[in-house]
Amino acid sequence: MSFQPVTASFFQQPTLELARSLLGMLLVKETEAGTASGWIVETEAYIGPGDRAAHSFGNRRTARTEVMFGPPGHAYTYVMHTHCLLNVVSGPVDHPEVVLIRAVEPYTGTDLMYERRGRDRKERDLTSGPGKLTKALGITMGDYGRPLFESPLCIAEGKAFGPVETGTRIGIENSGEAREYPWRFWIGGNRFVSK
DNA sequence: CACCGGATGGTCT
DNA sequence: GACCATCCGGTGT
C-alpha cells in the first residue's frame, strides 16, 4: 500500500478552510509494528489568540504551544488526561492556529488498530474520538513538531465523501462565548464521527 | 513546590 | 448520566 502525501503548500490556507479540506484526507502513521491509516471524518478549528478555547489564547507562548507559532503543516500533540491528542498546525508563522483531528474512519492496518485498542472492541470504537484514533494509529508525544507532509506521520491524498456538516465544538463548556463558535466540521452520516 | 483543571474515554448505574 | 483514572501544563507562592 502506497500513499501520496500532500505538499507543504496544502496547509497554507485559512484555518477554517483547512479544517474542511482535511475531511476526506488520509491520516497515515508508520511504526515498527506496521502502518495504519484512516480517512479524516471530523475536525475542529482552534484560532488563537482570540479563541478562548485555544491553548494559544492571548498568544500564550510556552514550550507546549511553541510549535503553533511556527510554519503550518506540523503536528501539535499534547496529553489530555490519559490520552494523546493530534492537531495540525495552521496559519502563518506567529499565528498560533490549529485543527484538531477528532475522528477517522479506519482504512488500512485495522488489525494493528484492534491490537492497540483491544481485540474485542467494536469497529466503531477503534477511532471515533480524538484520543481513540491516536492510540489506534500509534500517534504519541514523540510525534510533536513532526512535519505532516512526509513519513512517518503524514496527511495523504484522500477521496470524496458526502456533504460536510457544521456545529459547535465539543468539551469546551468553560470557554465563554467561544463555546458557541461553529468551528466543528464532520462528514454527514459517517458513523465514526464522535458523539 | 502545591494546587487546579482540563479539546477524553471507559465503566457502572 | 455520574464517576474517576491519571498526568501534565500553567499559575501562583
Side-chain angles (χ1 to χ4, degrees), chain A residues 15-16 18-20 22-23 27 29 36 38 40-70 72 74-91 95-106 113-146 148 153 155 164-187 190-195:
Chain A
T15 298
L16 292 178
L18 180 63
R20 285 175 172 273
L22 282 168
L23 294 175
L27 177 62
K29 176 66 194 282
I40 297 172
V41 297
E42 182 182 3
T43 61
E44 281 180 358
Y46 287 84
I47 307 180
D51 179 3
R52 208 169 187 85
H55 295 156
S56 53
F57 176 64
N59 271 319
R60 187 173 13 169
R61 188 166 188 160
T62 65
R64 177 172 75 149
T65 64
E66 185 59 32
V67 69
M68 289 195 243
F69 290 82
H74 294 254
Y76 167 49
T77 49
Y78 82 99
V79 174
M80 170 61 175
H81 289 273
T82 53
H83 307 276
C84 176
L85 274 58
L86 172 69
N87 295 257
V88 175
V89 172
S90 177
H95 290 251
E97 309 177 6
V98 300
V99 175
L100 170 68
I101 308 300
R102 281 198 61 89
V104 305
E105 174 181 325
M113 297 190 205
Y114 276 109
E115 193 173 301
R116 288 165 170 159
R117 292 277 297 140
R119 290 260 173 225
D120 52 355
R121 202 163 294 273
K122 300 269 200 293
E123 185 193 20
R124 202 198 88 87
D125 264 344
L126 287 179
T127 55
S128 57
K132 297 177 188 176
L133 74 91
T134 54
K135 185 166 185 190
L137 296 183
I139 295 167
T140 68
M141 285 305 292
D143 292 307
Y144 181 92
R146 277 188 169 153
L148 293 167
L153 176 61
I155 303 292
V164 172
E165 294 183 19
T166 303
T168 55
R169 295 173 293 179
I170 292 176
I172 55 165
E173 307 309 309
N174 296 325
S175 301
E177 66 175 20
R179 61 185 285 170
E180 298 164 29
Y181 301 166
W183 289 354
R184 174 172 170 247
F185 305 91
W186 67 91
I187 304 287
N190 188 282
R191 77 187 206 279
F192 291 93
V193 172
S194 68
K195 287 292 189 288

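The sequence lines fix the lettering, A, B, ..., with proteins before strands; numbering per chain opens at 1.
Regarding Asn87(A), its CG atom lies at a distance of 8 Å from the C1' atom of dA7(B), rounded to whole Å. Taking atom CD1 of residue Ile170(A) and atom P of nucleotide dG6(B), one finds them 16 Å apart after rounding to whole Å. One atom, CG of Leu133(A), and another, C1' of dG9(B), lie 13 Å apart when rounded to the nearest Å. Across the protein-nucleic acid pair, Arg124(A) atom CZ and dG10(B) atom P stand 11 Å apart, rounded to whole Å. Regarding Phe57(A), its CZ atom lies at a distance of 13 Å from the P atom of dA7(B), rounded to whole Å. For Lys122(A) and dG9(B), the NZ to C1' distance is 16 Å, given to the nearest whole Å.
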field: Steps toward side-chain hydrogen bond (donor to acceptor under 3.5 Å, both in side chains) verdict (Arg102(A), Ser194(A))
entry: CA-CA 7 Å; Arg102(A) 281 198 61 89; Ser194(A) 68; 3.2 Å; yes

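Between the CG atom in Asn87(A) and the OG1 atom in Thr77(A) there is a gap of 8.5 Å [rounded to 0.5 Å]. For the atom pair Leu133(A) CG and Phe192(A) CZ, the distance stands at 12.0 Å (nearest 0.5 Å).
Remark: dA7(B) base-pairs with no nucleotide in the shown strands. Criterion, Watson-Crick or G-U wobble with two distances under 3.5 Å. Of the nucleotides present, none pairs with dT6(C) by Watson-Crick or G-U wobble criteria with both distances under 3.5 Å.
Nearest-nucleotide mapping onto DNA chain B: of Arg121(A) and Gly171(A), the residue sitting toward the 5' end is Gly171(A).
The aromatic rings of Tyr76(A) and Tyr78(A) lie parallel to each other, their planes meeting at an angle below 30°, with 60° marking the opposite boundary.
Stacking of Arg169(A) on the aromatic ring of Tyr46(A) is recorded, both the 6.0 Å distance cut-off and the 45° axial limit being met.
The phosphate of dA7(B) has neither OP1 nor OP2 within less than 4.0 Å of any side-chain N or O from Arg184(A).
Looking at Leu86(A) and Leu137(A), their side chains never come closer than 4.5 Å, going by heavy atoms from C-beta outward. Two residues are said to be in side-chain contact when any heavy atoms from C-beta on lie closer than 4.5 Å; Arg184(A) and Glu42(A) meet this criterion.
Residue-level contact check: Asn174(A) touches the backbone only, with heavy atoms under 4.0 Å from sugar-phosphate atoms and none from bases. Heavy atoms of Arg117(A) sit under 4.0 angstrom from primed sugar atoms or phosphate atoms, though from no base atom. Within the nucleic acid shown, Leu100(A) comes within 4.0 Å of at least one base atom, counting heavy atoms only. Among the atoms of the strands shown, none is found under 4.0 Å from any heavy atom of Arg52(A).
For His95(A), there are no side-chain hydrogen bond (donor to acceptor under 3.5 Å, both in side chains) partners, not counting sequence neighbours.
Of the residues in residues 135-145 of chain A, not one comes within less than 4.0 Å of DNA chain B through any heavy atom.
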Annotated protein contacts, base or backbone, on nucleotides 2-13 of chain C with a non-hydrogen cut-off under 4.0 Å, one of B, S, - each: ---BBS-SSS--

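Within 6.0 Å of atom CZ in Arg146(A), more than 12 heavy atoms from other residues, nucleotides or ligands are found, so the atom counts as buried in its surroundings.
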